[in-house]
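Presented below is the structure to which this report refers.
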Amino acid sequence: MTHTDADSVGSRTVADIRLDFPAFTQTSGGLAPAYLDSAATSQRPRAVLDAEREYLEHHLAPVHRGASAAVGLSTTLFEDARAEVARFVGAGDREVVWTENATDAINMVTLGIADANAGLGGADAARFALGPDDEIVLTEAEHHANLIPWQRLAAKTGARLRPIPVDEHGLWSIDDAAAAVSERTRIVAFAEVSNVTGYLAPVADMVELAHRHGALVLLDACQSVPHRPVDFGAMGVDFAAFSGHKMLGPNGIGVLYGRAELLDALPPARTGGSTITKVTMGTAEFLPAPHRFEAGTQPVSQVVALAEAVRYLDAIGMQEVARHEAAFAERVVEGVAAIPGVRIVGPQPGAPRAGLVSVGVDGVHAHDVGQFLDEAGVVVRVGHHCAQPLHRALGLTATTRASAHVYTTAEEADRFVEALAGVRRFFGVEQGVTA
Amino acid sequence: MSGLDGLYQQIILDHSKARHGEGPLEHAQAEHHELNPTCGDELTMRIRLDPTHERIDEVAWQGNGCSISMASASVLVDLVRGTRVDDALALAEEFRMMLRSRGEGEPDEERLGDAIAFHGVSKYVMRVKCAMLSWVALEAAIAKSRSHDAL
Ligand SMILES: Cc1ncc(COP(=O)(O)O)c(C=O)c1O
């Protein structure tokens, strides 16, 4: 067997990397199941788990509240972590806001705009307010997290949603986007990498298109930040969102990125302690970003561990991670393309895609496919992947998705393909297909 | 029987393709649409009762979903067509108890008939909802037929 990018990540072999992950080293004999659901949530290296425990055992104290040395140290760790994560995504320190997850981050923006519409935030925030003549453009491929909050905002403000339609593969192009964007467009929201199709959006062209029409760009970076080099500053996006649990980090922590000037003007959706400068019984004035958005006690141990995840990824190199996962996807696509009656969603064989592959199996529901694969020791995601409009456009109720991360082996890709090849025979739907 | 063969018994695979009672129903007294939000599967159950409203004269369904949910709807039709409404409700409850058993116990074949094939599903918590989809829709349709929601 030749050594390929699917077996290594930069200078390290995948076998070596797997030793860093307790989830892969604590199996009780037998072949460990192939974990091919990292796009939903990723496993965590020991360094990340240790960082969280280390903080909890030795440094646990409030942040930004009080005057003790312990608070000082805890606060330093908390803010250093912010700087680390900011550097990782090409952001300034003030441009990274801690949220619960990416969903929460997107809601921070939509709820903040709704507040601006209600007159909160004064003249600075008025620039965000939307009206009935305004449009929010977003693709039909979006995750519900980047769709429903905009629906709610539209309902509150009278603005209209303008979809960028997808084709039969679930794909869209800059031309489709150009047809949807107009002078009425105020916001353009889309995922850099689709969690279903693995499509890589033309970010630079989208930013240029939106800005040319005076619209703001919100990038859903959930499936890009964990898997490839990302520089929000260089991209020129206005807002972005991602989650810690998909990037080898903890649950309960996500990031809202925003250009500092915008974050300073956006009304905070959630208010309370730690967000303010001056409070009277009738009024409150808010801090500049990022602290104006971080209401209440923050998930400090998760923040500290997320910074460790970022250091771990950096040590491997994001360019290398992307190359490794592209090799995984290529291997899966090549194998799946040879199986009769199985349809690849998203970019077709040969076209670039991220490290995930979703398929539809003719005559077999995705739940049944997933059950069969589970029994074969292959853990995948089945369902609509929180993207119902996309699946409707594909003409499928649900699909089956295999996704990779740094620890995914070529052998796991092959196990997925092999198991998938047996599905239609098991469910007795092979007839009618010319093999 | 263990593993996949215990879950996907031949009866289930057969019914998932034969699909008894799939289609529209004329002159239905009640219908109910049930959705499984985790997988997007959906099913509409329609019933036509006899003039006394004590017996299910006809039952039919339309929908799409996994083999478990489709086979369950098909078996349901075989079991409740022509039965008393109260018996159908009792059977739905019996079916539910079997699916909550986590593979324990011996279901009553006399009463459950072909539906006993779904005993294996009870070991797969993520699939119990699939098997219940049609039965929940039937219960709701019956409830509607007894309320102002009748068609
Ligand atoms: C593209 C995309 N957007 C948004 C989300 C939502 O992320 P979370 O559930 O962590 O908020 C996900 C993950 O499920 C995703 O894949």
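Chain A is the first sequence line, chain B the second, and so forth, proteins listed ahead of strands; every chain is numbered from 1. Only this structure's heavy atoms are used, side chains among them; waters, hydrogens and symmetry mates stay out.
Against chain A, the residues from residues 66-85 of chain B that qualify, each with a non-hydrogen atom under 4.5 angstrom away, are B:Cys66, B:Ser67, B:Ile68 in number order.
Most heavy-atom pairs under 4.5 Å with chain B, from the set A:His367, A:His391, A:His384, A:Gln388: that is A:His367. Chain A forms more heavy-atom pairs under 4.5 Å with one residue of B:Leu13, B:Asn64, B:Asp41 than with any other, namely B:Asp41.
The minimum heavy-atom distance between A:Gln371 and B:Leu7, with the atom names listed, is CG-CD2, 3.3 Å.
If you take CG on A:Asp374 and CE on B:Met126, they are separated by 10.5 Å, rounding to the nearest 0.5 Å. Remark: A:Phe426 CZ to B:Tyr8 OH distance equals 7.0 Å, nearest 0.5 Å.
Counting heavy-atom neighbours within 6.0 Å of A:Gln348 CD, excluding the residue itself, gives a total above 12.
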Would B:Lys17 and A:Val429 count as a side-chain contact (heavy atoms from CB on, under 4.5 Å) here? Give the steps. CA-CA 9 Å; B:Lys17 291 190 211 94; A:Val429 293; 4.0 Å; yes

